[in-house]
Amino acid sequence: MAAEGASPVMDPIHQFQVHPIFDLHLFGLDISFTNASLFKAIVLVAILALMVWGTRHRSLVPGRLQGSAEMIYEFVASTVRSTIGTEGMRFFPFVFSLFMFVFFSNMIGLIPGTFTVTSHIIVTFALAMLVITTVIVYGLMKHGAHFLRLFVPSGVPALLMPFIVLIEIISFVSRPISLSVRLFANMLAGHITLKVFGGFVAMMLSAGGVASLLAPLPLLAIPVLTAFELLVAFLQAYVFAILTCVYLNDALHPGH
Amino acid sequence: MISSAYAATAASGHGPDAGVAFPPFDPSSFVSQLFWLAIAFGALYWVMSRFAVPRMEQLLEVRRAKIAADLKHAADMQAKAQAAGEAYEKSLADARANAQTIAQQTQSKLNAEADAKRKTVEADLASKLAAAEKQMADTKAKALANVDAIASDAAAAIIERLTGKTPSPGDVAAAVAGAKAN
């Protein structure tokens with residue numbers, strides 16, 4: 001990565017670049033295997049390593065890996081149960097996959113030199129659309145036209161109803177946008193901040209004089225920011241999962 | 001610096017308009033991103049729903065069942081221990097009661113024996129006492145009778161000395177008896 005471009009070390013945007021590792025075209029579409037694809041694969045392998053390889057012994061008394069896997073499982077399961085209820089457990093593999101994918105993408109992205117899968121709006125938007133599509137398809141399948149009651153809250157005066165329905169529809173349509181932009185923007189901003197602070201250190205050192213003496217200050221900020229980013233990485237995965245649960249709850253129980 | 005970054009993007013980007021867009025908004029990578037995301041997430045969902053989640057459910061269920069069984073076993077054992085303890089307490093209480101009865105019986109038997117012995121001794125003593133008293137009374141009566149005779153003799157002698165006549169012993173005895181009665 002560092003070999004290309006003028007000064008990729010100092011460039012905060014460089015880490016988001018997608019470049020092909022080998023070109024692949026299908027039906028005239030560019031589906032090259034890129035560094036983004038590579039990290040999607042790494043995320044997948046890491047999750048499978050934890051959830052499948054880590055639990056291979058099926059020990060009664062779990063070891064470290066199995067303990068971690070169980071902890072995450074129980075955490076997501078309790079989130080799903082408390083948000084959608086026991087009947088929501090049919091969506092558990094979906095919510096769990098989403099949480100794991102986002103969580104591992106965020107976490108792996110924090111390792112210097114890696115690519116953050118969730119820092120691209122197309123990825124987060126695709127995941128958000130997957131959630132909303134699931135909500136709509138399942139809601140219509142289960143409740144048919146009654147699913148549209150989601151937009152018609154009970155106990156609203158008839159005069160206000162058109163406005164309320166309009167607001168409800170707008171809020172429903174904005175869900176995939178807010179869901180995807182929240183995650184994407186958090187990841188993007190966090191990584192840019194880290195890189196900018198890292199760039200400050202290099203710039204101040206090379207500037208010489210007083211600036212060189214002050215160079216350790218941004219360096220001290222980086223561990224703090226990294227800790228904060230670790231929190232954000234977990235929190236955004238959790239927010240993504242819990243909002244998915246909330247939206248799926250609408251599909252199960254459309255009446256307000 | 002930023003401009004050089006864009007130059008780098010332009011150099012390394014792919015697709016028709018690479019290099020112009022900010023990488024996360026670069027549409028040239030969208031198709032590839034979506035394609036590989038679909039594969040990665042599809043594979044993830046498949047493995048999670050088919051293998052990982054059922055395995056985890058089974059694992060937790062087995063553990064839950066094992067813990068429940070162990071707890072039940074422990075509760076059973078505790079109940080057994082408690083029953084054994086109660087049985088022990090009961091047998092101890094029985095033995096204690098038994099010992100008490102035996103002690104009581106022995107004591108009452110000993111008391112009865114002592115009573116009987118005491119009664120015979122008392123009766124013996126009483127009869128001896130009565131015999132002694134009788135003897136004393138006899139002796140006293142005899143002595144008293146002797147006193148009568150002495151009094152009669154003395155009275156007869158006094159009367160003889162005074163009167164010169166010998167009174168009949170019957171009169172003297174009657175007079176002594178009369179004086180004694182007074």
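The analysis underlying the following values was restricted to heavy atoms, covering all of them including side chains, and did not include hydrogens, waters or symmetry mates. Within every chain, numbering begins at 1; the chains are lettered A, B, ... in the order of the sequence lines, protein sequences first and strands thereafter. Bear in mind that the values here come from a model prediction, so they are computed numbers and not experimental data.
- The contact between B:L44 and chain A is made by backbone and side chain atoms together, counting heavy-atom distances below 4.5 Å.
- Within a 6.0 Å radius of CD in B:E113, other residues, nucleotides and ligands contribute more than 12 heavy atoms.
- Heavy-atom distances place both the backbone and the side chain of B:E57 under 4.5 Å from chain A.
- Interface summary for chain B: among A:F33, A:F96, A:F92, the most heavy-atom pairs under 4.5 angstrom belong to A:F33.
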*Test side-chain contact (heavy atoms from CB on, under 4.5 Å) applied to B:L59 and A:Q66, step by step*: CA-CA 10 Å; B:L59 214 143; A:Q66 194 186 319; 3.0 Å; yes
*Check the pair A:V61 / B:R63 against side-chain contact (heavy atoms from CB on, under 4.5 Å), numbers first and verdict last.*
CA-CA 8 Å; A:V61 179; B:R63 183 174 311 151; over 6 Å; no
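- Of the two parts of A:F94, the backbone and the side chain both hold a non-hydrogen atom closer than 4.5 Å to a non-hydrogen atom of chain B.
- Pairing each heavy atom of B:R55 with each of A:V52, the nearest pair is NH1-O, 2.7 Å.
- Counting heavy-atom pairs under 4.5 Å between each of A:A77, A:A41, A:A126, A:S37 and chain B puts A:S37 at the top.
- Atoms OG and CZ, from A:S105 and B:F41 in turn, are 10.0 Å apart once rounded to the nearest 0.5 Å.
- Residue contact with chain B, scored on non-hydrogen atoms closer than 4.5 Å, is absent for A:F125.
- For chain B, the nearby parts of A:L98 are the backbone and the side chain; heavy atoms of each come within less than 4.5 Å.
- The neighbour count for A:R56 CZ, taken as heavy atoms of other residues, nucleotides or ligands under 6.0 Å away, is above 12.
- For B:L37, the parts sitting under 4.5 Å from any heavy atom of chain A are the backbone and the side chain alike.
- Within the 4.5 angstrom heavy-atom criterion, only side-chain atoms of A:Y73, from C-beta onward, approach chain B.
- Rounding to the nearest 0.5 angstrom, the gap separating the OG1 atom in A:T34 from the CH2 atom in B:W36 is 8.5 Å.
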_Quick one, A:K40 with B:I39, criterion side-chain contact (heavy atoms from CB on, under 4.5 Å). Give me CA distance, side-chain angles, the key distance, then yes/no._
CA-CA 9 Å; A:K40 286 180 188 95; B:I39 288 178; over 6 Å; no
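- The candidate from B:K66, B:R50, B:M56, B:Q58 with the greatest count of non-hydrogen atom pairs under 4.5 Å with chain A is B:M56.
- The contact between A:A69 and chain B is made by backbone and side chain atoms together, counting heavy-atom distances below 4.5 Å.
- In this structure, the portions of B:V31 lying under 4.5 Å from any heavy atom of chain A include both its backbone and its side chain.
- In terms of heavy-atom proximity, B:A40 sits nearest to A:F101 at CB-CE1, 4.3 Å.
- For A:S119, the part lying near chain B is the backbone, with the side chain staying farther off; criterion is any non-hydrogen pair under 4.5 Å.
- If you measure heavy-atom distances from A:R90 to chain B, you find no contacts under 4.5 Å at all.
- The backbone N or O of A:S32 lies less than 3.5 Å from a partner atom in the side chain of B:S32, making a donor-acceptor pair.
- When heavy atoms are compared at a cutoff of 4.5 Å, B:L60 approaches chain A solely by way of its side chain, counted from C-beta outward.
- Neither the backbone nor the side chain of B:F51 comes within less than 4.5 Å of any heavy atom in chain A.
- Contact between A:L44 and B:A43 at its shortest, heavy atoms only, is CD2-CB, 3.9 Å.
- Summarising the local packing, CD of B:E61 is surrounded by more than 12 heavy atoms from other residues, nucleotides or ligands at distances under 6.0 Å.
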